[in-house]
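Working notes, beginning with the structure itself.
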Amino acid sequence: MAAITREELFHLIELGEKIGNDGIYIGPEVLETLDFENTVQEQVHACFDMNHETYTASKLPSGIQLSNKFRLPVAYKQNAPFSVKYEDGKYLLYEGKKFIDEITFREKPQYYNKVTSDGVQMSKVAQEVGKTKISVAYSNECALKDKGLDCKFCNINATKSNFAELEGLQWKTPQQIAETVEAAYSEGYQRITITGGFVPERREVEYYIDVAEAIRERTGLEDFGGTACVGAPADLDVIDKYKEAGYSAISTNMEIWDANIFKTICPGKEQICGGRENWINALKHEVEVFGKGNVRSFFVAGIEPKSTLLEGIEYLASIGVVAIPLQWLPNPGSALEGHRAPKPEWYTDLYLKTYSILRKNGLTHLDLYKSANVENSIFDYLYDADGDILPWERHNNDTVQFVEKTA
């Protein structure tokens with residue numbers, strides 16, 4: 001396996017951002033060669049459609065991997081500048097006519113082909129987000145739709161309309177989740193995030209407690225590595241209940257930091273969830289309850305100015321929140337469909353500055369791992385490149401390896 005330098009990592013990050021920005025085309029002649037039944041992990045649209053165009057003709061792979069194990073997204077788009085070709089039994093990544101690298105596809109977990117006791121395919125219950133992490137979107141719809149207050153970047157309700165019936169996606173019961181966690185953990189997974197669209201607050205906390213109890217009973221694990229991704233509650237004392245239920249980390253996603261842009265882009269969060277200040281206060285209280293590094297907040301990066309976004313990341317990191325910007329893809333079905341995200345260089349600069357902020361505030365690779373439902377992400381690679389390597393990664397041949405810059 002080839003190793004890369006830290007400088008080469010920056011080029012790979014920009015490659016990933018280009019594919020996210022401009023899309024990648026995988027034609028039917030390539031897709032029909034992929035063994036989705038046994039080896040290739042397919043996209044499951046449990047929460048969002050992260051492609052540039054809604055594609056329902058067949059399954060799509062969830063991601064690709066370069067020969068050096070660097071992971072890249074699959075953001076499908078016809079006539080995209082990036083494409084995958086199948087030649088002589090190999091899958092090759094091109095940008096236009098320029099060959100980039102031979103690739104492989106993300107491997108399908110064993111539990112994807114198992115079913116729950118009530119007959120639901122486990123891949124529809126929980127999706128892999130890394131070699132040791134899974135994520136459950138218990139609800140594939142958001143109640144903000146009924147009030148006309150959807151976040152402008154979000155396409156969760158459009159995704160449900162396009163894929164729920166096609167892929168057999170529905171509300172997940174605590175028992176289904178517990179059985180899926182047991183199956184996934186038996187093959188090496190060890191952390192789970194529970195997330196979903198907005199539901200009434202009382203229903204949300206009661207459901208999360210039921211899920212935690214079911215997982216602990218099924219697995220026998222007191223600490224089951226759970227992250228609860230929740231909205232900011234009106235009563236901040238509700239946050240304590242997630243900790244009492246057995247979750248070891250919690251997430252409340254700000255999405256936008258700038259106060260005026262927050263009101264415009266996240267009208268539901270502003271009008272019925274206590275407003276921006278309540279979201280910030282919720283994160284403060286979460287740090288008090290769960291501890292520094294066990295609280296995470298994602299941002300949809302590219303909608304607001306970089307300066308205000310970094311201001312928010314700096315503030316949250318200073319109080320112990322793992323604040324992570326994610327590339328904005330103007331999703332099909334969202335109010336911002338058809339808009340353009342910033343250039344790849346904009347994101348690379350943002351990620352490097354965010355990484356410096358995290359490290360400056362004492363937030364480690366382990367903190368990122370415990371709190372965020374990402375793995376083999378850009379920030380994982382940056383920590384690894386600086387020697388902050390998670391213990392189980394050190395001898396894992398399926399992760400990117402780094403070397404010092406050559407002369």
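In this text, all values refer to a predicted model and were calculated from it rather than measured experimentally.
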(message) My understanding is that only residues two or more places apart in sequence, or in another chain, count here; which of them pass ring pair (Phe, Tyr, Trp, His ring centres under 6.0 Å) with Y55?
(response) Y76

(request) For atom CD of E165, decide whether the heavy atoms of other residues, nucleotides or ligands shown that lie under 6.0 angstrom number more than 12. (result) no

(message) Side chains of I209 and E206, heavy atoms from C-beta outward: is any pair under 4.5 Å?
(response) no

(message) To the closest 0.5 Å, what do you measure between CG (L169) and NE2 (H45)?
(response) 9.5 Å

(message) So, using ring pair (Phe, Tyr, Trp, His ring centres under 6.0 Å) as the criterion, who are the partners of F379 when residues are at least two apart?
(response) Y351

(request) To the nearest 0.5 Å, tell me how far Q175 CD sits from D118 CG. (result) 8.0 Å

(message) Does this structure show an ion pair linking E375 with K133, if we count only N-O contacts that are shorter than 4.0 Å?
(response) no

(request) Only counting residues at least two apart or in another chain, list the ones meeting side-chain contact (heavy atoms from CB on, under 4.5 Å) with E102. (result) K90, L92

(request) Ignoring hydrogens and angles, tell me if any N or O in the side chain of D150 forms a donor-acceptor pair with the backbone of K152 under 3.5 Å. (result) no

(request) Please test K360 against E314 for salt bridge (Lys or Arg N to Asp or Glu O under 4.0 Å), starting from the C-alpha separation and ending with a verdict. (result) CA-CA 10 Å; K360 181 183 71 175; E314 177 77 65; 2.9 Å; yes

(request) Give a yes or no on this: more than 12 heavy atoms of other residues, nucleotides or ligands lie within 6.0 Å of atom CD of Q190. (result) yes

(request) Check each of E17, K306, K18 against Y347 using the side chain to side chain contact (heavy atoms under 4.5 Å, CB included) test, and report the only one that passes. (result) E17

(request) Of all the heavy-atom pairs spanning W171 and S139, show the shortest one and how long it is. (result) CZ3-CB, 3.6 Å

(message) Using ring centroids (six-membered ring only for Trp), state whether F290 and Y242 fall under 6.0 Å.
(response) no

(message) I want to check something: taking the side chain as every heavy atom from C-beta on, are V230 and T252 in contact at a cut-off of under 4.5 Å?
(response) yes

(message) Is it the case that the side chains of T33 and Y91 hold a donor-acceptor pair, with the cut-off being a distance below 3.5 Å and no angle test?
(response) yes

(request) Report yes if the side chains of L144 and I272 come closer than 4.5 Å at any heavy-atom pair, otherwise no. (result) yes

(request) Count the heavy atoms of every other residue, nucleotide or ligand shown that sit under 6.0 Å from CG of N79, and state whether that count exceeds 12. (result) no

(request) Any chance you could lay out the side chain to side chain contact (heavy atoms under 4.5 Å, CB included) test for I156 and F48, step after step, and finish with the verdict? (result) CA-CA 5 Å; I156 185 172; F48 308 114; 3.9 Å; yes

(message) Closer than 4.0 angstrom, basic N to acidic O: yes or no for E270 and R276?
(response) no

(request) Apply the test side chain to side chain contact (heavy atoms under 4.5 Å, CB included) to residues R191 and N373: give CA-CA distance (whole Å), side-chain angles for both, the deciding distance (0.1 Å), then the verdict. (result) CA-CA 9 Å; R191 296 199 71 86; N373 59 334; over 6 Å; no

(message) Does the plane of the ring in Y208 sit parallel, tilted or perpendicular to the ring in Y138? Use 30° and 60° as the thresholds.
(response) perpendicular

(request) Examine the side chains of W257 and E304 and answer whether a donor and an acceptor come within less than 3.5 Å of each other. (result) no

(request) Applying side-chain hydrogen bond (donor to acceptor under 3.5 Å, both in side chains) between K108 and each of T39, D35, N113, N38, report the one that passes. (result) N113

(request) For Y112 and E128, test the side chains for any donor-to-acceptor distance below 3.5 angstrom and give the result as yes or no. (result) no

(request) Side-chain contact test, heavy atoms from C-beta onward, threshold under 4.5 Å: evaluate it for S62 versus F105 and give yes or no. (result) no

(message) Once side chain to side chain donor-acceptor pair (under 3.5 Å) is applied, what residue pairs with a partner in residues 331-346 remain, sequence neighbours excluded?
(response) D22-R340

(request) Provide the closest heavy-atom pair for N253 versus C229 in the form atom of the first, atom of the second, distance. (result) ND2-SG, 3.6 Å

(message) To the closest 0.5 Å, what do you measure between CD (Q43) and CG (N51)?
(response) 4.5 Å

(request) Look only at the side chain of N278 and the backbone of P233, and say whether a donor-acceptor pair between them is shorter than 3.5 Å. (result) yes

(request) Report yes if the side chains of S371 and N294 come closer than 4.5 Å at any heavy-atom pair, otherwise no. (result) no

(request) Might you point out which heavy atoms bring A323 and L316 nearest each other, and give the distance in Å? (result) CB-CB, 4.1 Å

(message) Which residues pass the ring pair (Phe, Tyr, Trp, His ring centres under 6.0 Å) test with Y369, not counting sequence neighbours?
(response) W392

(message) Do W279 and L283 have side chains that approach each other closer than 4.5 Å (heavy atoms only, starting at C-beta)?
(response) no

(message) Atom NZ of residue position K263 - does it have more than 12 heavy atoms of other residues, nucleotides or ligands inside 6.0 Å?
(response) no

(message) List the residues meeting side-chain contact (heavy atoms from CB on, under 4.5 Å) with T364, not counting sequence neighbours, and say none if there are none.
(response) L366, D367, D388

(request) Rounded to the nearest 0.5 Å, what's the gap from CD on E53 to OH on Y25? Could you check? (result) 10.0 Å

(request) State, to 0.1 Å, how close I324 and L358 come at their nearest heavy-atom pair, and which atoms those are. (result) CD1-CD1, 3.8 Å

(message) For the residue pair R296 and F298, would you count it as a cation-pi contact if the rule is NZ or CZ under 6.0 angstrom from the ring centre and within 45 degrees of the ring axis?
(response) yes

(request) May I ask you to decide if Y207's main-chain N or O and D210's side chain share a donor-acceptor pair within less than 3.5 Å? (result) no

(message) Treating N140 as the side-chain partner and T159 as the backbone partner, does any N or O pair qualify as donor plus acceptor under 3.5 Å?
(response) no

(message) Using 0.5 Å steps for rounding, measure from the CD1 atom of I64 to the CZ atom of F70.
(response) 10.5 Å

(message) Test your reading of the model: is there a side-chain donor-acceptor pair from N155 to the backbone of P332, 3.5 Å cut-off?
(response) yes

(request) Look at the side chain of E187 and the backbone N and O of Y111, then say whether any donor-acceptor pair between them is shorter than 3.5 Å. (result) yes

(request) Please assess T180 against Y189 for the test side chain to side chain contact (heavy atoms under 4.5 Å, CB included), listing each intermediate value before the final yes or no. (result) CA-CA 11 Å; T180 303; Y189 296 92; over 6 Å; no

(message) Given 3.5 Å as the limit, does a donor-acceptor pair link the side chain of R359 with the main chain of Y383, or not?
(response) no

(request) Using modelled atom types only, decide if a donor and an acceptor are shared between the side chain of D258 and the backbone of N260 within a distance under 3.5 Å. (result) yes

(message) I'd like to check S123 versus E42 (side-chain heavy atoms, cut-off strictly below 4.5 Å). Are they in contact?
(response) yes

(request) Looking only at non-hydrogen atoms, find the nearest pair between N157 and C142 and report the distance. (result) OD1-N, 3.0 Å

(request) Evaluate the side chain to side chain contact (heavy atoms under 4.5 Å, CB included) criterion for residues V40 and K59: first the C-alpha distance (whole Å), next the side-chain angles of each, then the deciding distance (0.1 Å), finally the verdict. (result) CA-CA 10 Å; V40 176; K59 292 180 178 180; over 6 Å; no

(request) Give the minimum heavy-atom separation between L309 and A301, together with the two atoms involved. (result) CD2-CB, 3.7 Å

(request) Supply the atom-to-atom distance E95 CD to L15 CG, rounded to the nearest 0.5 angstrom. (result) 7.5 Å

(message) For the NZ atom on K131, are there more than 12 heavy atoms of other groups (residues, nucleotides or ligands in this structure) within a distance under 6.0 Å?
(response) yes

(request) For the residue pair L382 and L9, establish whether any side-chain heavy-atom pair is separated by less than 4.5 Å. (result) yes

(request) Verify the distance criterion only: is there a donor paired with an acceptor across the side chains of E14 and H11 at less than 3.5 Å? (result) no

